[in-house]
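One structure below.
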Amino acid sequence: MRAEDATCIEDLRLIARRRVPRAFFDYAEAGSYAEETLRANRADLARLKLRQRVLVDVSTRSTATHIVGEPLAVPLVLAPVAMTGLEHGNGEILACRAAHAAGVQFTLSTMSICSIEDVAAEVDRPFWFQLYVMKDRGFVRSLIERAAAARCSALVVTVDLQVLGQRHIDIKNGLAVPPSLKLRNLLDMAIRPRWVASVLAGRRWTFGNLAGHVKGTGGVKSLAQWVGAQFDQALSWNDIEWIRSIWPGKLILKGILDVEDARMAVRSGASALVVSNHGGRQLDGAPSSISALPAIADAVGGDIEVAFDGGVRTGADLLRALALGARACMIGRSFVFGLGAGGEAGVRRAIEILRKELDVAMALTATRSIAEAGRHTLAAD
Ligand SMILES: Cc1cc2nc3c(=O)[nH]c(=O)nc-3n(C[C@H](O)[C@H](O)[C@H](O)COP(=O)(O)O)c2cc1C
């Protein structure tokens, strides 16, 4: 099956599993430790039932909305995903183009393969940049300045990665810090010619935002080591204040799972927060994102825009999150599977699948606009 013929995100996942080398596919799919939080993200979404309504005129309806002042044709933003460019050559550029063509937004990870400048040169609309705050604040400042120079329209500061959650499979596959790919990894890549061709054509296989910008680091291995030592366990709300003082645009805090932290986010002056547990890749045993969403939306939804991510694989999932107070959802794996399955066309397919599913779910719940979604959109338990 080709990505263009996929009828659901699961199809894209299965195609990607065939096309992407095992180590990179596993890297995208896995969660941390026992993967309890990863599984809870999906299971808790699926448990929420939508309320079927009939005989309401739904002939005019729209999936359009806004977030941080930007229009979205579908309440969707592609989440920052490290090493997207190793799921498919030039992955970040292709995913950004697909997002913009579909009228949604794209977020470039600090740990991307294509750099901020690479992506900016290849797309004609501003995208968002995600920041990991490293110990080297001079480097962080330069990243922020580069994002501003590239006209990124929002800075997404990820706040849930002051230490790294462990994914067992990455260690087994040699994708740890530092990476130590084994002969079997190389053989596994060699039997996937489409992937090899795309990555060779992309000519980028290191951390684009860091290579050449971090002193004393040569290859990927030493860069990865530098990064591994750079996550800052001392990160605090004072740093958010500092970032606000040097970033001129919209600020979004990603990785909020607790009402107290959400209140702090409001006080920090951020424009939006993302309720997220990093796709089940950080604190295993943390609640699912969807179970954390309603209390946060109730507490701060009037003061700050609330976005959501974690486990979104269908349009019904999008509607569930909107019903519980999210303004928009980020998707990680759903677009990464599309990218691995078919490059730009695969990401376009992923977004189109979710858009169509959302549209049908809206019609069958008598939800004519995103603003109309609310608790009443869900069936009582
Ligand atoms: C392969 C992979 C890499 C990720 N890299 C980053 C990253 O660099 N920065 C970040 O803020 N979040 C990162 N995340 C988390 C995503 O931004 C997002 O929170 C998560 O994927 C949402 O869950 P979902 O994949 O179920 O949609 C990553 C997630 C995945 C799956």
Side-chain angles (χ1 to χ4, degrees), residues 9-10 12-13 16 20 23-32 35 37-46 76-88 91-92 95 105-114 116 128-134 143 154-162 164-165 167 169-170 173 175 207-210 224 227 230-231 235 252-257 273-283 286 288-290 292-293 307-314 317-318 320-321 326 328-340 347 350-351 354:
I9 298 295
E10 177 62 10
L12 294 172
R13 188 183 76 84
V20 177
F24 298 126
F25 179 83
D26 288 348
Y27 163 73
E29 187 170 57
S32 57
E35 301 191 329
T37 297
L38 174 77
R39 282 192 296 277
N41 276 352
R42 287 287 314 127
D44 288 355
L45 274 165
L76 255 190
V77 173
L78 305 196
V81 168
M83 302 203 291
T84 295
L86 289 179
E87 304 291 328
H88 187 287
E92 290 89 359
Q105 189 49 291
F106 169 81
T107 317
L108 184 72
S109 167
T110 291
M111 302 303 297
S112 55
I113 302 297
C114 300
I116 305 172
W128 293 358
F129 180 67
Q130 174 264 330
L131 181 72
Y132 279 133
V133 186
M134 315 253 175
L143 268 181
L155 187 70
V156 178
V157 179
T158 297
V159 293
D160 60 5
L161 203 121
Q162 63 280 49
L164 276 176
R167 290 179 300 275
I169 191 75
D170 286 351
N173 284 335
L175 258 197
F207 298 111
N209 292 323
L210 314 182
V227 172
Q230 277 288 328
F231 291 110
L235 192 65
I252 301 171
L253 298 183
K254 173 172 178 285
I256 302 286
L257 211 58
L273 63 81
V274 186
V275 175
S276 173
N277 52 32
H278 216 103
R281 294 164 77 86
Q282 282 294 99
L283 177 62
S288 66
S289 293
I290 197 70
L293 174 63
F308 166 85
D309 78 19
V312 172
R313 301 289 179 277
T314 67
D317 292 338
L318 286 176
R320 289 166 167 135
C329 294
M330 282 188 161
I331 49 167
R333 295 174 183 89
S334 287
F335 95 80
V336 170
F337 294 149
L339 182 71
V347 180
I351 298 169
L354 294 172

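Both counts, for ligands and for their atoms, begin at 1 and track the order of listing.
- When atom types are taken as modelled, the side chain of Asn41 and the backbone of Ser289 share a donor-acceptor pair closer than 3.5 angstrom.
- The aromatic rings of Tyr132 and His278 sit parallel to each other, their planes meeting at less than 30°, with 60° as the upper class boundary.
- If you run salt bridge (Lys or Arg N to Asp or Glu O under 4.0 Å) between Glu29 and each of Arg13, Arg313, Arg281, only Arg13 comes through.
- Taken to the nearest 0.5 Å, the OG1 atom of Thr37 stands 6.0 Å off from the CG atom of Asn277.
- Here Phe25 pairs with Phe337 under the ring pair (Phe, Tyr, Trp, His ring centres under 6.0 Å) rule; sequence neighbours left out.
- Residues of the protein with a heavy atom under 4.0 Å from ligand 1 are Tyr27, Ala28, Ala79, Pro80, Val81, Ala82, Ser109, Gln130, Tyr132, Thr158, Lys254, Ser276, His278, Gly279, Arg281, Asp309, Gly310, Gly311, Arg313, Ile331, Gly332, Arg333, listed by chain and number.
- Distance alone, capped at 3.5 Å, places no donor-acceptor pair between the Thr84 side chain and the Glu92 backbone.
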